[in-house]
Amino acid sequence: MKFTDGPVSTKSDVSWFKAKGVVFSAGVEVVNATMAKKGELELMVATKHIATRGDTLTGAMLTVNISSPCDDVIKVKLTHFKGRKPCGPTFELFPDGTPASPTIRIDNPNQTPAILPEPTPQPITFITGSLSAKVNTSSKSYGVTFSHGAHDQHLTSIEYKGQAVIDAPYQLTLQQASEGSCMANENDPSIGVTDDERGRGQMVRYMLNEMGLSVGETIYGLGERFGPFIKNGQQVSCWNQDGGTASQQAYKCVPFYISSKGYGLFVNHTEEVDFEVGCEKCSRVGFSVRGENLEYFVIGGGSMKAVLSNYTRLTGMPGLPPAWTFGLWMTTSFTTSYDQKTVSGFLQQMKERDCAVRVLHLDCLCSFTFDLEMFPDPKAYLTHLKQEYGVKICLWINPYISQHSPIFEEGMGHGYLLKRTSGDIWQWDMWQPGCAIVDFTNPGACDWYTSKLATLIDMGVDALKTDFAERIPHLGVKYYDGSDARKMHNFYAHKYNQVVFDLLEKKLGKHEAVLFARAASAGGQRYPVHWGGDCESSYQAMAESLRGGLSLTSSGFAFWSHDIGGFEGKPSDSLFKRWLAFGLFSTHSRLHGSFSYRVPWLYGEEAVKVCSELSKVKMRLMPYIYAQAINAHETGVPMMRSMILEFPEDPTCAYLDRQYMLGESLLVAPVFSDNTAQYYIPAGNWTCFWTNKVIAGPKWISEPSYPFTRIPVFVRPSSILVLGPEDVTTPDYTYAEIGLEARLYELVGKVSARVPSGKGVAWAGEVWAEEGQDKVHSTGVHLI
């Protein structure tokens, strides 16, 4: 959020041009430093020069607390008034277990805890692991510099006046996504929000922190963002909205960014967080929240990958989807009409065309029951589909309940639906007539909701598509547990996905639960899989989708999917084939549309060939793919990752958003035109997966008339790929026992590859080979 109308100077006492009506109090010097608790440094930072103690009698003081929950992570909490009663929800930190105690050292060369009496106070340095924060305590020079390693490699810094408490007039808040959204539309009488609840005519308190941007530094992440992959120059609001892939709105807002300099920053607030990434000030990343405090973590580790490992340790490691989820998903599309004959017909034709479907998804199940006219005996029919076609079953659900639903009265009567502050049920007419929302802060509502889902799971359902949950009201509502409605807006999707995922895990077992989720926030990586939402049927939307996926996987999420062919509209045959190839070389692959089907024969026989051949290739690659999935689950490094994450020293890779690494060894470059493929090969001898042609990088390649039946895929130098047999028909097979082919690519020294069992995190064995030798060794693995 912008609070200025252009700064004159950020390094002096020259006043800023503030936006009209803004009262701005920024930190200028440290007047006191104490050890608040063991391992914590607490600073009293004045917002004006303090010449004598009398100067402390008026004016705001900022309390800055610096601590560390684990090595290489520094927590900063900026507070104005401490007396405000805290109100949740909050993100769960370290959900996978308490980390080891950090190694903390605080170097304070000053004579006394207080800074003010010192004539020439010295910097104070807070160190945890290899990450340090050096506080400038000189008069009118407050700032904090964050560095890595023994040689103090500069990462970022808080400069003079880089932290502030701000009072802004209500009208300035209208630039926030929350206030400009349809959920705050004053002309909609169904919202029913008073002027007092809006804060109109009042001043609104914000806390602001700005971090320095170095020359050439690039910023990534902030959730699933479909605009430019590099966030520099953007104003980004972390406020979930369902705007599709063609806008700056986002389904999955994550208040975390990662820098090309090898650090990350996580703002620990579930409510709306506004980021100004080199936007309000070109050399700063500013972030602000409403209220009296602002808490964030600066995350180090020495590399971008290490940062993601530390961040996911903080917010939760990515869940591991079962192996069968990496096969092809086919849906009935969204608004189409279908019955048993339609569904069985699609599956039979896919089978006859040698297109292996592993998951059948049935869309639009609004009241947790089947239409008995279309599906007279649902349980028997699902059993038949599994036996006849070998598919898993996924159903569409959402957290909205129409007043015309047979379960509405039940939910309302028991108090399971979100209420207005008046006590009435909150409703509107979007998505469903008289739509109400399940209140997942009520344990009884969670039990009620999951009891409906449990019945479906008992019928044979294996996965659930948790759709919607972005347009959640933040004004004029009260939650069962008293949660702050603004803080619940983004967090609602997290709670929704958690409730459903936990049920699946309870019913089906660990590493057998999977969602197909659209909305999320920080920590949502614990509940895979997520897909990119509503995209149009165009090459532009295909590129938008990939940018969103790479942004999401730069934000702690390991697995990601998208609607092959686009959701809205009907793709051309050429576009469908290109998107199909892209989809089958993504972590998860789903054929899905809105009002038109995405079965391949509707787009020509060559599309059928693409589907059949590339599906088989993906299934052959499953020993490699599932190994990479386990690595992502255990390390937090995403399976589908940007080029900059894998090659941070290559300046070209900083800007690449139309290709990616699928795991550590496969470079994938989707084709975004009917004709020409364009891609970049980093340094080294890379081998074409299809032809075994070796290309020496760094090099840009342009290939006109690129065949529709292929997608550019290159194997990284010094890799071993372990492939299943050519006749494999499913992604979940006993990888180590079936008879694997080991392919060697430009080995340097001794190279090994682990082979998973295909069940959970267990490893079955390993294969290895050495440079200059053709012999492949193995243990626990049957090779052909």
Side-chain angles (χ1 to χ4, degrees), residues 70-74 94 96 99 128-131 146-149 153-156 216-223 229-231 254 256-266 297-320 522-523 525-526 528 549-560 587 624-625 627-657 659-668 682-684 716-719 751-754 761:
C70 62
D71 280 347
D72 297 322
V73 177
I74 290 178
F94 299 107
D96 302 304
T128 171
S130 61
L131 182 64
F146 296 90
S147 303
H148 167 74
Q153 174 192 342
H154 178 82
L155 298 176
T156 186
E217 180 180 358
T218 45
I219 300 298
Y220 308 91
L222 295 174
F229 177 50
I230 293 175
K231 300 304 178 282
V254 180
F256 167 80
Y257 66 80
I258 188 168
S259 165
S260 60
K261 295 198 69 174
Y263 72 91
L265 192 142
F266 170 53
F297 296 86
V298 177
I299 304 171
S303 70
M304 294 178 74
K305 285 184 178 180
V307 167
L308 283 177
S309 291
N310 285 330
Y311 167 70
T312 51
R313 182 169 51 151
L314 180 66
T315 59
M317 304 304 292
L320 177 65
Q525 64 270 8
R526 296 161 58 191
L550 294 180
S551 289
L552 187 67
T553 60
S554 299
S555 308
F557 288 66
F559 310 100
W560 177 79
T587 70
Y624 165 79
I625 288 174
Q628 297 300 308
I630 294 173
N631 288 338
H633 166 66
E634 293 181 339
T635 68
V637 178
M639 184 175 168
M640 190 173 180
R641 61 190 73 160
S642 67
M643 298 298 292
I644 182 64
L645 188 62
E646 197 64 39
F647 304 100
E649 303 303 321
D650 186 333
T652 299
C653 288
Y655 301 91
L656 299 180
D657 60 7
Q659 63 186 69
Y660 54 92
M661 295 295 294
L662 188 62
E664 62 184 11
S665 294
L666 292 182
L667 185 159
V668 181
R716 190 177 191 167
S718 204
S719 296
V751 181
S752 63
R754 290 196 291 177
V761 297

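Values in this document were obtained by computation on a predicted structure and should not be read as measured data. Because only heavy atoms are used, hydrogens play no part in the values below, and waters and symmetry mates are left out as well, while side chains stay in. Residue indices begin at 1 and follow the sequence shown.
With sequence neighbours excluded, the residues satisfying side-chain contact (heavy atoms from CB on, under 4.5 Å) with Ala753 are Ile720, Val722, Val767. The side-chain contact (heavy atoms from CB on, under 4.5 Å) search around Pro638 returns Leu308, Thr553, Arg641, Leu645, not counting sequence neighbours. Evaluation of the side-chain hydrogen bond (donor to acceptor under 3.5 Å, both in side chains) rule for Thr587 yields no partner, not counting sequence neighbours. Remark: Tyr263 pairs with no residue by the ring pair (Phe, Tyr, Trp, His ring centres under 6.0 Å) rule, at least two apart or across chains. Applying the side-chain hydrogen bond (donor to acceptor under 3.5 Å, both in side chains) test to Ser719 and every residue at least two apart in sequence or in another chain returns Ser665. By the salt bridge (charged side-chain N to carboxylate O under 4.0 Å, His left out) test, Lys305 pairs with Glu646, sequence neighbours left out. Shown here are the side-chain contact (heavy atoms from CB on, under 4.5 Å) partners of Pro99, two or more places apart in sequence or in another chain: Cys70, Phe94, Arg313. For Arg526, the salt bridge (charged side-chain N to carboxylate O under 4.0 Å, His left out) test picks out Glu92, with sequence neighbours left out. Remark: Asp650 engages Tyr680 in a side-chain hydrogen bond (donor to acceptor under 3.5 Å, both in side chains) (not counting sequence neighbours). Residues satisfying the ring pair (Phe, Tyr, Trp, His ring centres under 6.0 Å) test with Phe266, not counting sequence neighbours, are Phe91, Tyr311. Applying the side-chain hydrogen bond (donor to acceptor under 3.5 Å, both in side chains) criterion to Ser752, with sequence neighbours excluded, gives Glu766. Residues satisfying the ring pair (Phe, Tyr, Trp, His ring centres under 6.0 Å) criterion with Tyr220, sequence neighbours excluded, are Phe229.
Gly302 approaches Ala306 most closely through the heavy-atom pair N-CB, 4.5 Å. For the pair Ser718 and Val751, the tightest heavy-atom approach, listed with the atom from each and the gap, is OG-CG2, 3.2 Å. What you find for Phe559 and Pro528 is that their closest heavy atoms are CD1-CB, 4.1 Å. Of all heavy-atom pairs spanning Pro648 and Met304, the tightest one is CB-SD, 4.3 Å. In this structure, Leu131 and Leu155 approach most closely via the heavy-atom pair CD1-CD1, 3.6 Å. Between Ser551 and Gly223, the shortest heavy-atom contact is CB-O, 3.1 Å.
Ile230 contributes atom CD1, which lies 11.5 Å from atom CD of Glu217 (distance to the nearest 0.5 angstrom). To the nearest 0.5 angstrom, Ser554 atom OG is 11.0 Å from Met640 atom CE. Here the straight-line distance linking atom CD1 of Ile644 with atom OG1 of Thr652 works out to 10.0 Å at 0.5 Å rounding. Within the model, atoms CD of Gln659 and SG of Cys653 stand 7.0 Å from one another, a figure rounded to the nearest 0.5 Å. Here the NE2 atom belonging to His148 is positioned 12.0 Å from the NZ atom belonging to Lys261, to the nearest 0.5 angstrom. Here the CE atom belonging to Met661 is positioned 7.0 Å from the CG atom belonging to Leu666, to the nearest 0.5 angstrom.
Using a distance-only test at 3.5 Å, with no hydrogens or angles considered, no donor-acceptor pair links the side chain of Asn310 to the main chain of Ile299. No donor-acceptor distance shorter than 3.5 angstrom exists from the side chain of Gln525 to the backbone of Ala558, with no hydrogens or angles considered. Using modelled atom types, no side-chain atom of Thr635 and backbone atom of Ser309 make a donor-acceptor pair closer than 3.5 Å. Formation of a donor-acceptor pair under 3.5 Å by the Arg716 side chain with backbone atoms of Glu664 is found in this model. Between the side chain of Ser260 and the backbone N or O of Thr218 there is at least one donor-acceptor pair closer than 3.5 Å.
Side-chain atoms of Met643 and Leu667, non-hydrogen and from C-beta on, do get closer than 4.5 Å to each other.
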Between Leu662 and Gln628, does the side-chain contact (heavy atoms from CB on, under 4.5 Å) criterion hold? Intermediate values first, please. CA-CA 8 Å; Leu662 188 62; Gln628 297 300 308; over 6 Å; no

Trace of the side-chain contact (heavy atoms from CB on, under 4.5 Å) decision for Leu320 with Ile630: CA-CA 7 Å; Leu320 177 65; Ile630 294 173; 4.2 Å; yes

Chi angles and distances behind the side-chain contact (heavy atoms from CB on, under 4.5 Å) call for Thr312, Phe256: CA-CA 11 Å; Thr312 51; Phe256 167 80; over 6 Å; no

